[in-house]
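For reference, the structure is listed below as structure tokens.
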Protein chains: 2
Amino acid sequence: MSRWQPNARGRLEQAALDLYSERGFEQTTAAQIAERAGLTERTFFRHYADKREVLFGGAHLLQELFVNTLADIPESAAPIDAMASTLETVADAVFLERHEHSRQRQAVIAASAELRERELIKLASLSAALAATLRRRGVDDQAASLTAEAGIAVFKVGFEGWVGGNGEHTLADFLRESLEELKAVAAGAGRRKN
Amino acid sequence: MSRWQPNARGRLEQAALDLYSERGFEQTTAAQIAERAGLTERTFFRHYADKREVLFGGAHLLQELFVNTLADIPESAAPIDAMASTLETVADAVFLERHEHSRQRQAVIAASAELRERELIKLASLSAALAATLRRRGVDDQAASLTAEAGIAVFKVGFEGWVGGNGEHTLADFLRESLEELKAVAAGAGRRKN
DNA sequence: AGAGGCCATGTCAGTCACTGTCATCGACCG
DNA sequence: CGGTCGATGACAGTGACTGACATGGCCTCT
């Protein structure tokens with residue numbers, strides 16, 4: 001019999017997501033999350049640097065997956081194709097079974113400006129890491145930054161479409177569509193309505 | 001003789017930028033900013049919703065300028081060209097005489113994760129406003145989002161180059177270069193080093 | 001000119017995010 | 001069995017931010 005229940009982090013994350021969903025992020029105190037998880041406020045802040053971070057615990061692993069996936073693609077591929085392939089691979093590896101979970105999580109984030117800020121800086125960090133990986137593959141500085149930023153833009157737009165959809169199409173489907181649209185736009189052929 | 005010195009907001013902004021530069025954002029308290037501006041902490045928070053916002057007072061006006069500029073471009077222009085033109089027009093209207101000021105401000109922001117978060121959400125807001133403007137011009141939803149995101153990416157990369165440069169070239173110069181690079185990247189021709 | 005309202009600011013008390021410090025106590029190691 | 005370690009608790013403190021109310025020049029209306 002151990003002194004504490006196991007998986008403190010997991011309990012904190014679950015309690016936080018539930019409370020943020022029920023009453024909103026701003027209306028939830030760290031002490032309430034800790035209490036629901038059977039811990040104290042002080043312990044909450046030992047596991048997470050701040051109230052928002054508890055929703056982004058997986059971001060580091062996700063970024064690693066992105067970077068490793070991109071690094072494993074043959075350097076013969078054009079940067080934009082390497083990015084496209086990376087996005088699709090990660091989408092299939094992580095987001096195939098998570099439509100409902102992603103939807104709930106995204107709803108919570110969208111409802112709070114503070115959480116949106118945190119999500120944006122995570123995406124910026126991801127973009128910087130992808131750009132650095134492209135540079136290691138021999139891509140020019142500026143081209144690497146722009147390829148990574150474009151990839152993130154494609155991901156944002158595709159993800160938004162996927163989360164708002166009914167689950168009939170996979171995230172990878174949305175990403176392919178989004179990438180094609182970006183190529184069309186960059187070529188000066190932005191699509192008109194209808 | 002009026003009861004208070006005029007231009008409270010301006011004094012607060014100057015005091016904040018100075019203090020953030022001198023001792024860093026986290027090491028500066030709102031009370032210190034207010035004191036240097038000859039006001040109280042409470043008054044600081046009457047003018048700015050939080051400690052970060054004092055550095056972003058002009059963002060709303062800048063966004064308006066972007067949107068109005070884009071809205072004034074003939075609808076016959078391709079979306080990406082309208083975006084490109086908008087970026088250059090704004091660059092020449094606002095950032096011609098501000099190289100040193102932009103450099104100092106950007107250094108302060110880059111030094112603080114919290115300030116970077118705030119900057120990212122301002123850029124996201126700008127992107128959303130530009131996308132909405134493109135939609136009003138008859139551009140398809142997804143194409144509008146991607147054109148706006150691409151424009152912001154071009155702006156980020158160009159701005160970074162300009163701020164890091166010696167002032168020989170204008171921001172508009174950097175933006176043109178960045179846009180060309182994005183077009184090359186999207187076409188599958190990302191530039192290699194050297 | 002005088003009355004009254006307006007509005008930017010001051011004052012003060014309160015909540016909550018987050019931190020530093022020290023105590024506790026089961027687990028594990030030798 | 002004694003000692004160390006690691007996760008947690010307890011508690012006090014700082015600083016961001018808010019709500020409520022007071023103050024006193026300034027403007028308007030008469």
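On a predicted model such as this, the values are computed, not experimentally measured, just so you know. In what follows, every chain begins at residue 1, and chains take the letters A, B, ... in the order their sequences are listed.
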Counting only side-chain N and O atoms of Thr40(A), is one of them less than 4.0 Å from OP1 or OP2 of dT8(D)?
no
His47(B) vs dT9(C): side-chain N/O to OP1/OP2 distance below 4.0 Å
yes
When rounded to the nearest 0.5 angstrom, what distance separates OG1 in Thr170(A) from CG in Asp173(A)?
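If I round to the nearest 0.5 Å, the distance is 3.5 Å.
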Side chain of Arg46(B), base of dG10(C): donor and acceptor closer than 3.5 Å?
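Indeed there is one.
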Within the sub-3.5 Å range, which N or O atoms of nucleotides 16-19 of chain C have a protein N or O partner, and how far apart are they?
from: dA17(C); atom 1: OP1; to: Thr28(A); atom 2: O; distance (Å): 3.4
from: dA17(C); atom 1: OP1; to: Lys51(A); atom 2: NZ; distance (Å): 3.4
from: dA17(C); atom 1: OP2; to: Ala30(A); atom 2: N; distance (Å): 3.4
from: dC18(C); atom 1: OP2; to: Lys51(A); atom 2: N; distance (Å): 2.8

Can you tell me how far [atom2] of [N] sits from [atom1] of [X], to the nearest Å?
X: Glu53(B); N: dA16(D); atom1: CD; atom2: P; answer: 16 Å
X: Glu35(A); N: dT8(D); atom1: CD; atom2: P; answer: 17 Å
X: Trp4(A); N: dG26(C); atom1: CH2; atom2: P; answer: 8 Å
X: Gln5(B); N: dC26(D); atom1: CD; atom2: P; answer: 12 Å
X: Glu114(B); N: dG15(D); atom1: CD; atom2: C1'; answer: 12 Å

Strictly by modelled atom types, are Gln106(B) and Glu119(B) linked by a side-chain donor-acceptor pair under 3.5 Å?
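A pair is found: one side chain offers a donor N or O, the other an acceptor, under 3.5 Å apart.
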Does atom CD of Gln63(A) have more than 12 heavy-atom neighbours from other groups under 6.0 Å away?
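More than 12 within 6.0 Å, yes.
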Under 6.0 Å between ring centres, would you say that holds for Phe159(B) and Phe95(B)?
yes
Which nucleotide sits closest to the side chain of Arg3(A): dA10(D), dG6(D), dG24(D)?
dG6(D)
With a 4.0 Å cut-off, would you call Lys51(B) and Glu41(B) a salt bridge?
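So Lys51(B) does not pair with Glu41(B) through a salt bridge.
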Please test Gln27(B) against Tyr20(B) for side chain to side chain donor-acceptor pair (under 3.5 Å), starting from the C-alpha separation and ending with a verdict.
CA-CA 8 Å; Gln27(B) 272 55 55; Tyr20(B) 293 170; over 6 Å; no
